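Accompanying notes for the structure given below.
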Amino acid sequence: MTQEEDIAAEAAAETSGPTHSGFVALIGPTNAGKSTLVNRLVGAKVSIVSHKVQTTRAIVRGIAIHDNAQIVFMDTPGIFKPRRRLDRAMVTSAWGGARDADLIVLLIDSERGLRGDAEAILEGLKEVRQPKILLLNKIDRVNREDLLALAAAANEKIAFDRTFMISAENGSGCDDVMDYLAATLPEGPWYYPENQISDLPMRQLAAEITREKLFLRLHQELPYASHVETEKWEERKDGSVRIEQVIYLERDSQKKIALGKGGETIKAISTASRKELSEILEQPVHLFLFVKVRENWGDDPERFREMGLDFPK
């Protein structure tokens, strides 16, 4: 048993009664609110969020303790019809996460209903054996009659074990989901220490946070052909940390957009990322961002490995 497993076992042993643990895959169409929900259920930010579809690129695991259960949420990339190599890798990762989980949660945007990708996901779920529950999100934006009709339509296609109506944004209905998961997951020891909220290395989380700020700042202007890597992480004697990151783009024209007039845009992105990283790390952060052009990085296996994705042939 590893030291990490020893710590997890000790934490679980301190609880009264049998402990439960398991992996819960959260799948759904793009922009259904999966990352917002994972952050809500974990109680801390473990997955980046933006209005841009396909923000999540690889599986992010967020770890929550509820009652005697340790619930490991797998925030998967949104499932959609892939067009590029990166798209294919993301969708493959999402379905792989579903098949590896103890339980699958399908999250549907109540406003969009079963149109488009949601319909295809329901068909794909018919081939997956794991127990499944349905979460209808953004219920504060849809009237009750339409919600009930949507729940009935989805359950006609797949007999979900349970259906919940929630708002990931304000937390409505989320406690009921956690109660259900804690009681449903199998008995067993915890996988992670009690105070661990994610298995994402801090260098990678830092890169993801900067990518989030990039997307939020350049929601319309910058295409998806951007990638952030943390190249240097130096803990300094004064208690601060120096972080150097590179934003990779595919074309010179994109570099001008990312930098902005007089470097104004990249400074704003750096300031927002540095502020959040300082709060997470609870120490001063010196963040340095560099913008480089790497043509066709979306066809580079090394970039896929850096993102935690398998390179599709």
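Count residues from 1 along the sequence. Please read all numbers here as calculations on a predicted model, not as lab measurements.
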Do [X] and [Y] have side-chain atoms, one donor and one acceptor, less than 3.5 Å apart?
{"X": "Trp233", "Y": "Glu235", "result": "yes"}
{"X": "His66", "Y": "Asp179", "result": "yes"}
{"X": "Thr210", "Y": "Gln245", "result": "yes"}
{"X": "Ser167", "Y": "Asn170", "result": "yes"}

Inset, instruction - Please step through side chain to side chain contact (heavy atoms under 4.5 Å, CB included) for the pair Met202 and Ile280, ending with a clear verdict. - result: CA-CA 10 Å; Met202 187 51 66; Ile280 291 173; 4.3 Å; yes
Student check: side-chain heavy atoms of [X] and [Y] closer than 4.5 Å:
{"X": "Ile247", "Y": "Lys255", "value": "no"}
{"X": "Leu185", "Y": "Asp102", "value": "yes"}
{"X": "Ile65", "Y": "Trp190", "value": "yes"}
{"X": "Leu106", "Y": "Ile133", "value": "no"}
{"X": "Val38", "Y": "Lys34", "value": "no"}
{"X": "Cys174", "Y": "Leu41", "value": "yes"}
{"X": "Val241", "Y": "Gln283", "value": "yes"}
{"X": "Lys132", "Y": "Ile158", "value": "yes"}

Residue pair [X] / [Y]: nearest heavy atoms and the distance that separates them:
{"X": "Ala182", "Y": "Ile71", "value": "N-CD1, 4.1 Å"}
{"X": "Leu277", "Y": "Val285", "value": "C-CG2, 4.0 Å"}
{"X": "Asn143", "Y": "Asp146", "value": "OD1-N, 2.8 Å"}
{"X": "Gly33", "Y": "Leu107", "value": "C-CD2, 3.5 Å"}
{"X": "Ala258", "Y": "Leu218", "value": "CA-CD1, 3.9 Å"}
{"X": "Tyr180", "Y": "Leu103", "value": "CE2-CD1, 4.4 Å"}

Could you grab the distance from atom [atom1] of [X] to atom [atom2] of [Y], nearest 0.5 Å is fine?
{"X": "Thr36", "Y": "Glu169", "atom1": "OG1", "atom2": "CD", "value": "7.5 Å"}
{"X": "Ile108", "Y": "Leu135", "atom1": "CD1", "atom2": "CG", "value": "10.0 Å"}
{"X": "Glu187", "Y": "Thr19", "atom1": "CD", "atom2": "OG1", "value": "7.5 Å"}
{"X": "Ile166", "Y": "Asn137", "atom1": "CD1", "atom2": "CG", "value": "4.5 Å"}
{"X": "Glu156", "Y": "Leu122", "atom1": "CD", "atom2": "CG", "value": "11.5 Å"}
{"X": "Ile269", "Y": "Glu264", "atom1": "CD1", "atom2": "CD", "value": "11.0 Å"}

Inset, instruction - Report the C-alpha separation of Val24 and Val72 in whole Å, then their side-chain angles, then the decisive distance to 0.1 Å, and conclude whether the side chain to side chain contact (heavy atoms under 4.5 Å, CB included) test is met. - result: CA-CA 6 Å; Val24 175; Val72 185; over 6 Å; no
Salt-bridge test for [X] and [Y]: reply yes if a basic N is under 4.0 Å from a carboxylate O, no otherwise.
{"X": "Lys138", "Y": "Glu111", "answer": "no"}
{"X": "Lys157", "Y": "Glu123", "answer": "no"}
{"X": "Glu208", "Y": "Arg211", "answer": "yes"}
{"X": "Arg236", "Y": "Glu234", "answer": "no"}

Legend entry - NZ (Lys126) with more than 12 external heavy atoms under 6.0 Å: yes
Taking the side chain from [X] and the backbone from [Y], do they hold a donor-acceptor pair closer than 3.5 Å?
{"X": "Arg112", "Y": "Asn31", "result": "yes"}
{"X": "Gln196", "Y": "Ser198", "result": "yes"}
{"X": "Lys275", "Y": "Ser270", "result": "no"}
{"X": "Gln130", "Y": "Ala101", "result": "yes"}
{"X": "Thr230", "Y": "Arg203", "result": "yes"}
{"X": "Asn155", "Y": "Ala151", "result": "yes"}
{"X": "Glu279", "Y": "Glu276", "result": "no"}
{"X": "Ser21", "Y": "Gln70", "result": "no"}

Inset, instruction - Take Arg115 and Glu119 through the test salt bridge (Lys or Arg N to Asp or Glu O under 4.0 Å) and record every step on the way to the result. - result: CA-CA 6 Å; Arg115 296 189 297 273; Glu119 189 85 41; over 6 Å; no
Inset, instruction - Apply side chain to side chain contact (heavy atoms under 4.5 Å, CB included) to Ile63 and Val42, showing your working. - result: CA-CA 6 Å; Ile63 305 157; Val42 171; 5.9 Å; no
Inset, instruction - Decide yes or no on ring-ring contact (aromatic ring centres under 6.0 Å, His included) for Tyr191 and Phe23, but give the supporting numbers first. - result: CA-CA 10 Å; Tyr191 294 100; Phe23 290 82; 4.9 Å; yes
Legend entry - Ile27 and its side chain to side chain contact (heavy atoms under 4.5 Å, CB included) partner, picked from Val105, Val128, Ile121: Ile121
Legend entry - Common cluster, Leu148/Val142, ILVMFWY with side-chain heavy-atom separation under 4.5 Å: yes
